[in-house]
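Down below is the structure, laid out as structure tokens.
Heavy atoms only: backbone and side chains are in, while hydrogens, waters and symmetry mates are out. Each chain gets a letter, A, B and so on, in the order its sequence line appears, and its residues count up from 1.
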Number of protein chains: 2
Amino acid sequence: MASDKGLAAIRLFNRPLYLQVRDALVERIGKGDWKPGMAIPNEVDLAREFGISSGTMRKALDLLEDQRVLTRSQGRGTFVNDHSSAGLVSRFWRISAPDGKPMNGDAKRIEIVEAPANEKERRRLHLGAEDSVYRVRRARWHADRPFVVEEASLPTAHFPGLLERKGIDHRIVGLAQLYGILLGKAEERITIAPAPPSIADTLRVAPDTSVMRLDRLLLTLDGQPVEWRVAHCHLVSGFYLAEIG
Amino acid sequence: MASDKGLAAIRLFNRPLYLQVRDALVERIGKGDWKPGMAIPNEVDLAREFGISSGTMRKALDLLEDQRVLTRSQGRGTFVNDHSSAGLVSRFWRISAPDGKPMNGDAKRIEIVEAPANEKERRRLHLGAEDSVYRVRRARWHADRPFVVEEASLPTAHFPGLLERKGIDHRIVGLAQLYGILLGKAEERITIAPAPPSIADTLRVAPDTSVMRLDRLLLTLDGQPVEWRVAHCHLVSGFYLAEIG
DNA sequence: AAGTGGTCTAGACCACTCA
DNA sequence: GAGTGGTCTAGACCACTTG
């Protein structure tokens with residue numbers, strides 16, 4: 001049978017074929033062979049190219065759609081997601097206006113510095129003693145008021161030459177796309193905390209006002225940490241929207 | 001071909017076969033034909049019983065596994081999930097201890113009353129003017145301290161005779177299983193709010209202390225609202241864990 | 001060894017989009 | 001009407017669990 005030969009030849013280390021194919025597709029997208037917004041070849045052609053059945057190719061594509069790497073639409077084709085597009089920029093931003101729509105606001109006062117990773121950063125980002133990070137600090141404004149201060153740490157290894165780049169969007173979603181990093185899941189820990197002095201100042205509230213503290217760790221599709229962010233948020237009208245299920 | 005006849009006969013209103021099969025399986029589980037923890041027949045037998053191919057049955061079962069209705073394990077079988085089991089009781093409970101494990105605590109002072117739905121309840125739960133609700137109020141304790149007060153509203157229509165039942169777990173997950181309701185998703189809106197007097201009293205904090213307010217709407221698998229719950233939470237050591245992605 | 005779910009194939013046909 | 005993804009079939013074989 002063809003299946004015997006095919007499986008023996010292709011299925012290394014007992015890892016299912018469709019997973020290997022998914023990884024191969026991810027690599028192509030990460031390398032930039034297929035750009036965000038572009039259509040990729042149809043299922044039958046892809047299957048032929050990989051030497052697998054279309055059912056297996058389909059399973060790989062199903063996975064990538066679940067992981068928000070691709071979007072398929074019947075009759076049109078399969079497209080690489082553009083993570084800077086309206087529908088996806090706010091993927092990890094859970095603060096909503098009263099109407100339920102994401103309240104992004106406008107970023108102001110962006111500061112970026114490079115520094116050796118401190119102990120907390122090394123622990124959260126799984127870094128070694130010699131690794132360094134970019135620290136990004138930013139405030140977001142809505143209706144002429146600052147409502148959140150974000151302080152993010154990013155391993156420099158993932159973003160070579162970041163400081164030299166000019167005029168780019170420093171939100172993690174855009175950065176990841178720029179560097180061909182596909183984002184996976186995030187975990188956000190929410191507490192109530194008194195605003196530290198410098199943050200209270202930026203937010204224009206009295207020191208020690210109770211604000212929402214968001215401690216978020218963002219992972220790539222393969223599970224490597226790419227961003228640790230602590231945000232302090234003074235919500236007057238909106239809310240944090242958590243989806244469970 | 002067999003496929004022509006089969007499709008024409010079975011595929012009503014153009015709804016995919018695997019979705020119809022999934023719904024049929026859900027109904028059987030809801031009716032109690034298959035009890036939580038029980039194994040259901042194997043895929044081939046099920047497919048034969050429904051007169052479909054095993055691939056299609058598999059797709060239906062895949063969906064039910066995603067929706068946490070079933071658990072499959074290779075070599076053992078397919079089992080109906082027991083939502084009162086350790087792994088699933090805390091499915092909608094996002095408050096965690098510092099170690100990351102769910103901090104359930106012990107429920108105390110449970111009060112249940114039946115009342116006509118007020119305006120807010122009617123709006124959130126999609127009820128009509130004549131519908132009524134059960135209102136459940138409960139405090140949870142951890143380490144000899146109350147840390148959260150929950151006030152939930154449940155449409156009486158879903159839980160007939162609830163007040164007469166004795167010695168049952170009044171957490172929504174257990175109630176749903178008791179009444180054959182399969183739970184789907186929830187949306188939780190998180191804000192910081194001053195604790196209302198009666199709640200501050202139960203939580204043993206000064207009135208108007210800033211606490212975390214959790215406003216959660218829980219839906220069934222078919223998208224009907226089954227519980228609207230507002231919790232006020234005074235977290236000393238833990239955090240709310242939101243998962244994104 | 002028997003029984004289960006998991007993977008994979010090689011098709012056919014349906015539903016949809018767009019030129 | 002040509003081209004796309006979506007559904008469905010009828011198998012074979014692999015990996016795993018249990019008696």
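- Here the P atom of nucleotide D/dG5 and the CZ atom of A/F79 are 8 Å apart, to the nearest Å.
- B/E164 is linked by a side-chain contact (heavy atoms from CB on, under 4.5 Å) to nothing, counting only residues two or more places apart in sequence or in another chain.
- OP1 or OP2 of D/dT9 lies within a sub-4.0 Å distance of a side-chain N or O belonging to B/S53.
- Following rounding to the nearest Å, B/Q74 (CD) and C/dG6 (C1') show an atom-to-atom distance of 5 Å.
- Taking atom CZ on B/R72 and atom P on D/dT17, their separation rounds to 16 Å, with Å as the unit.
- Salt-bridge formation is not detected for the pair B/K185/A/E243: no Lys NZ or Arg NE/NH1/NH2 atom is positioned less than 4.0 Å from an Asp or Glu carboxylate oxygen.
- Side-chain contact between B/F159 and B/L178 is absent, with no heavy atoms from C-beta onward closer than 4.5 Å.
- B/I52 has its CD1 atom 20 Å from the P atom of C/dC13, to the nearest Å.
- Spacing between atom CZ of A/R15 and atom C1' of D/dC14 amounts to 17 Å, rounded to whole angstrom units.
- Regarding contacts with the backbone of D/dG3, every side-chain N or O of A/N42 stays at 4.0 angstrom or more from both OP1 and OP2.
- Atom CG in A/L61 sits roughly 13 Å away from atom C1' in D/dT4 (whole-Å rounding).
- Of the listed nucleotides (D/dG5, D/dT17, D/dT7), D/dT17 has the atom at the smallest distance from the side chain of B/R76.
- Checking the phosphate oxygens (OP1, OP2) of C/dT7, a side-chain nitrogen or oxygen of A/Y18 falls inside 4.0 Å.
- Close to C/dG6, at under 4.0 Å from its OP1 or OP2, lies a side-chain N or O of B/R58.
- When the side chain to side chain donor-acceptor pair (under 3.5 Å) test is applied to A/D131, no partner is found at least two apart in sequence or on another chain.
- Between B/S54 and D/dT9 there is no side-chain N or O to OP1 or OP2 distance below 4.0 Å.
- The shortest distance between the side-chain N/O atoms of B/K59 and the OP1/OP2 oxygens of D/dT7 is below 4.0 Å.
- Rounded to a whole Å, the CD atom of B/E43 is 15 Å from the C1' atom of D/dT9.
- Protein atom CG of B/L17 is 20 Å distant from nucleotide atom P of C/dA12, rounded to whole Å.
- Proximity of B/T78 to the phosphate of C/dT4: no side-chain N or O atom is located under 4.0 Å from OP1 or OP2.
- A salt bridge links A/R48 to A/D45: at least one charged side-chain nitrogen sits closer than 4.0 Å to a carboxylate oxygen.
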